[in-house]
Structures are given as structure tokens and as C-alpha cells.
Amino acid sequence: MANQWIAGVDLGGTTTKIAFITMDGEIVHKWEIPTDNSNEGQNITTNIAKAINEKMNALGESKDSLLGIGMGAPGPVDYETGIILNVVNLGWQDNYPLKESLESAASLPAAVENDANCAALGEMWKGAGNGAKNLVCVTLGTGVGGGVIANGSIVQGKNGAAGEIGHITVIPDGGAPCNCGKTGCLETVASATGIVRLANEELSKGESIGELAGRLAVNGKITSKDVFESAENGDALANKVLKEVYFHLGFVLASIANTLNPDKIVLGGGVSKAGNILLDAVTENFAKFAFSAVRDSTKLALATLGNDAGVLGAAWLIKNKLNQ
Ligand SMILES: [Zn+2]
């Protein structure tokens with residue numbers, strides 16, 4: 001009998017992650033291809049289909065082994081139609097029929113969802129969510145992504161734009177510009193870029209001595225990792241910056257929990273590699289602003305799947321379709 005695999009695809013602006021995944025969520029093969037966004041993004045789905053076919057051939061697998069392709073894409077997606085509404089860096093026109101394009105390129109059933117939502121589904125299925133039916137995932141990376149799962153399903157909203165936690169306003173006046181066109185979004189303070197921006201703002205006040213200022217002097221720039229490491233070593237400026245980050249995250253997550261009372265709020269993305277220091281500090285702030293019944297039942301946790309969350313969640317879309 002042929003294998004029963006699902007192709008999970010996590011489409012990024014520069015690289016695309018692809019994995020063959022079993023119905024139990026086990027990753028059998030995973031690899032990456034560059035994302036070619038030239039020619040108005042017309043090569044993207046054909047390149048993915050080609051990469052999948054080549055890998056199947058190389059493994060000596062027949063096409064019957066693939067049940068479908070699930071894909072996470074960086075933008076708001078209308079799940080029913082598989083239309084991606086707008087994306088900045090892939091070359092596609094607004095309202096691009098991504099599911100249709102993928103299905104015709106690969107001659108397989110496809111399902112498409114927003115990438116942060118896929119990460120949330122991945123964590124629900126195989127990660128920190130541990131099967132929880134009510135889950136909120138926040139991805140703290142270059143930007144801040146969010147995915148909300150209620151009763152086991154992604155909350156889509158009217159326009160596929162629900163769960164955009166990164167664009168909740170946290171600085172109402174005089175906030176930094178955000179990629180979305182607003183100012184003062186959570187993303188401008190809690191993403192890796194936001195943390196570096198806050199730190200540079202403090203450092204530019206010029207009165208700083210200490211580890212972080214030293215790292216800036218030596219390297220000419222700092223990363224969010226520098227901020228976390230300096231803070232851990234007792235640097236006052238880095239700790240001041242992170243105190244602000246933890247406050248905004250705790251405040252926003254408590255407000256979300258007061259609305260949804262999820263089983264878990266999962267923190268993922270590169271920034272979450274700071275680990276328990278981040279988790280404990282955000283939890284402390286969360287506890288201040290969460291309604292008592294929510295505080296006692298909604299738990300904060302670190303994501304466990306790392307970069308695999310997206311492909312796993314994308315594969316889950318197909319598994320879920322097949323199970324219906
Ligand atoms: Zn924004």
C-alpha cells in the first residue's frame with residue numbers, strides 16, 4: 001500500500017519550507033527551497049509543485065502517496081475560497097487565487113491558511129497546545145503574528161484577518177510606525193525588531209554605560225539576543241527595555257484572555273528563545289490584568305515546535321478536511 005503523506009508548506013518571503021508529514025503528524029522529510037517572487041509571483045506555486053514531485057521521485061514514491069498539500073502564506077487568507085487578500089513581498093496582485101493556483105500546479109487537493117494561523121494549528125496538534133481546543137498563539141519574530149483557535153477551529157473573522165494580535169495598539173500617541181501603516185502596534189515593541197528599536201532609543205540618550213552599550217560599541221549594532229543576554233547579566237538599560245516589552249505583552253495577552261479564556265496562550269518565534277525568563281515576566285504582568293477566573297484557568301506556555309509549527313499546521317488543514 002502507498003504511504004499516506006501530506007505535503008505541508010510554509011511559504012516565506014525568501015524561503016519556502018516543505019515537509020512530508022504522516023496523518024499522525026510525524027515529519028518524514030523536510031527541506032527548503034528559495035521563494036522566487038519575480039514575474040508577479042507566478043513561479044511560486046509551480047516551483048513548489050516541482051519541488052514536491054522531484055522529492056517524491058527521488059524517494060521512489062508514487063504520487064498516490066500524497067493526499068494533498070496544505071500551505072501557510074504570509075497574509076490574510078479567505079479559507080473557504082483560498083484567496084490571499086494582500087501580501088507585500090511575494091509579487092502577487094491583491095486577491096490572488098492561491099489555492100486554485102496550487103491545485104492546478106500540483107494536481108492535488110490543496111488548503112491554504114494564513115501562516116501564523118498554521119503555526120497555531122501546528123502547536124495545537126503536536127506542540128505546546130497538546131490537543132487543547134481553545135488556544136491563542138503569538139509568534140514573536142521579525143514581526144508579531146497571532147492565531148486564535150476556538151473549539152478546535154481557527155477564528156477567521158469576516159475577512160480572514162482575525163487574530164492579528166501584532167497590530168493591537170499599545171502606544172496610542174507617538175508610537176513608532178508599524179509595517180501595517182499604523183503607529184504604536186504591539187509589533188513595534190514586542191517583535192525582535194521592536195525590542196532592538198526600543199534599546200537603540202534608550203542607548204541614543206547617551207548616558208548609558210554597561211554591557212549593552214559595550215556590545216553596541218564593539219559590533220556597531222545590537223540584536224534582540226544582545227538585549228536579553230545583557231539583561232540577564234544585570235545591565236540596567238536592557239532590563240528597563242525588557243520591562244516595557246513584558247508589560248505590553250502581559251497587558252495585551254490578559255485582554256485577549258479576558259475575551260476568550262483559552263486553555264493556553266503559546267508564545268513562539270525567535271524572541272521566545274529567551275525561554276522561561278520571558279515566560280515568567282510576561283506571566284507576572286498577565287496576572288495583574290487578567291480577570292480572576294481567567295487568570296486561574298488560562299496558562300501561558302512556550303511554543304515547542306520551533307520552525308516546524310508552520311508545516312505541521314499546514315498539513316493539519318488537509319488531515320482535518322479528510323476527517324470531515
Ligand atoms: Zn501594525
Side-chain angles (χ1 to χ4, degrees), residues 5-37 44 47-48 51-52 55 69-75 77 87 89-90 102 111-132 135-149 154 163 165-166 179 187 190-196 223-225 228 264-276 278-279 300-319:
W5 291 346
I6 303 164
V9 180
D10 186 1
L11 176 65
T14 49
T15 57
T16 302
K17 299 183 187 75
I18 310 177
F20 293 150
I21 294 164
T22 67
M23 289 287 276
D24 296 328
E26 189 198 329
I27 296 178
V28 230
H29 291 280
K30 64 173 174 180
W31 72 104
E32 290 185 8
I33 60 168
T35 304
D36 173 10
N37 57 11
I44 291 175
N47 284 349
I48 291 168
I52 288 172
K55 184 64 84 179
I69 302 180
M71 177 158 153
V77 173
V87 268
N89 54 359
L90 293 173
L102 194 59
V112 182
E113 179 54 277
N114 167 266
D115 55 0
N117 289 348
C118 282
L121 290 168
E123 288 290 340
M124 171 183 79
W125 189 23
K126 301 302 288 185
N130 198 18
L135 194 71
V136 172
C137 275
V138 189
T139 310
L140 307 168
T142 318
V144 173
V148 174
I149 297 172
I154 284 288
I165 293 165
N179 287 325
E187 181 164 304
S191 63
T193 348
I195 293 169
V196 168
T223 64
S224 60
K225 198 167 166 238
F228 281 104
K264 274 188 183 171
I265 298 179
V266 177
L267 306 176
V271 172
S272 74
K273 288 186 185 140
N276 284 329
L278 169 89
L279 181 65
L300 272 63
L302 295 169
T304 61
L305 297 175
N307 285 334
D308 293 340
V311 289
L312 280 162
W316 183 91
L317 298 171
I318 296 293
K319 177 191 155 74

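As the structure is a computational prediction, the values presented were derived from the model and not from experiment. Atoms considered below: every heavy atom in the structure, side chains included; atoms not considered: hydrogens, waters and symmetry mates.
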Closest heavy-atom contact between [X] and [Y]?
X	Y	value
Ala120	Ile154	CB-CD1, 4.5 Å
Ile44	Asn37	CD1-CA, 4.5 Å
Ala192	Ser224	CB-OG, 3.7 Å
Gly8	Ala314	CA-CB, 4.2 Å
Leu140	Ala190	CD2-O, 3.8 Å
Cys118	Gly72	SG-CA, 3.6 Å

Minimum side-chain heavy-atom gap [X]-[Y] below 4.5 Å:
X	Y	value
Ile27	Leu312	yes
Lys319	Trp125	yes
Glu187	Thr193	no
Leu278	Ser272	yes

Using atom types as modelled and distance alone, determine if a side-chain donor or acceptor of [X] lies under 3.5 Å from a backbone N or O of [Y].
X	Y	result
Thr22	Asp24	yes
Asn114	Gly75	yes
Thr15	Ile33	no
Glu123	Leu305	yes
Lys17	Val9	no
Asn276	Leu279	no

Inset, instruction - Evaluate the criterion side-chain contact (heavy atoms from CB on, under 4.5 Å) for residue pair Ile149 and Leu121; output intermediate values, then yes/no. - result: CA-CA 8 Å; Ile149 297 172; Leu121 290 168; 3.8 Å; yes
Inset, instruction - Start with the C-alpha gap between Val311 and Ile18, add the side-chain angles, then the distance that decides, and say whether side-chain contact (heavy atoms from CB on, under 4.5 Å) holds. - result: CA-CA 7 Å; Val311 289; Ile18 310 177; 6.0 Å; no
How long is the straight-line distance from [atom2] of [Y] back to [atom1] of [X], given to the nearest 0.5 Å?
X	Y	atom1	atom2	value
Met71	Glu113	CE	CD	12.0 Å
Lys264	Asn130	NZ	CG	5.5 Å
Leu11	Leu90	CG	CG	5.0 Å
Ile69	Phe20	CD1	CZ	8.5 Å

Inset, instruction - Please test Trp5 against Met23 for side-chain contact (heavy atoms from CB on, under 4.5 Å), starting from the C-alpha separation and ending with a verdict. - result: CA-CA 7 Å; Trp5 291 346; Met23 289 287 276; over 6 Å; no
Inset, instruction - Verify the distance criterion only: is there a donor paired with an acceptor across the side chains of Thr16 and Thr35 at less than 3.5 Å? - result: yes
Inset, instruction - Mark yes when over 12 heavy atoms from residues, nucleotides or ligands other than Asn179 sit less than 6.0 Å from its CG; otherwise mark no. - result: no
Legend entry - Counterpart residues, salt bridge (Lys or Arg N to Asp or Glu O under 4.0 Å), relative to Lys225 (two or more places apart): Glu229
Inset, instruction - Given side-chain contact (heavy atoms from CB on, under 4.5 Å), test Ile6 with Trp316 step by step and report yes or no. - result: CA-CA 9 Å; Ile6 303 164; Trp316 183 91; over 6 Å; no
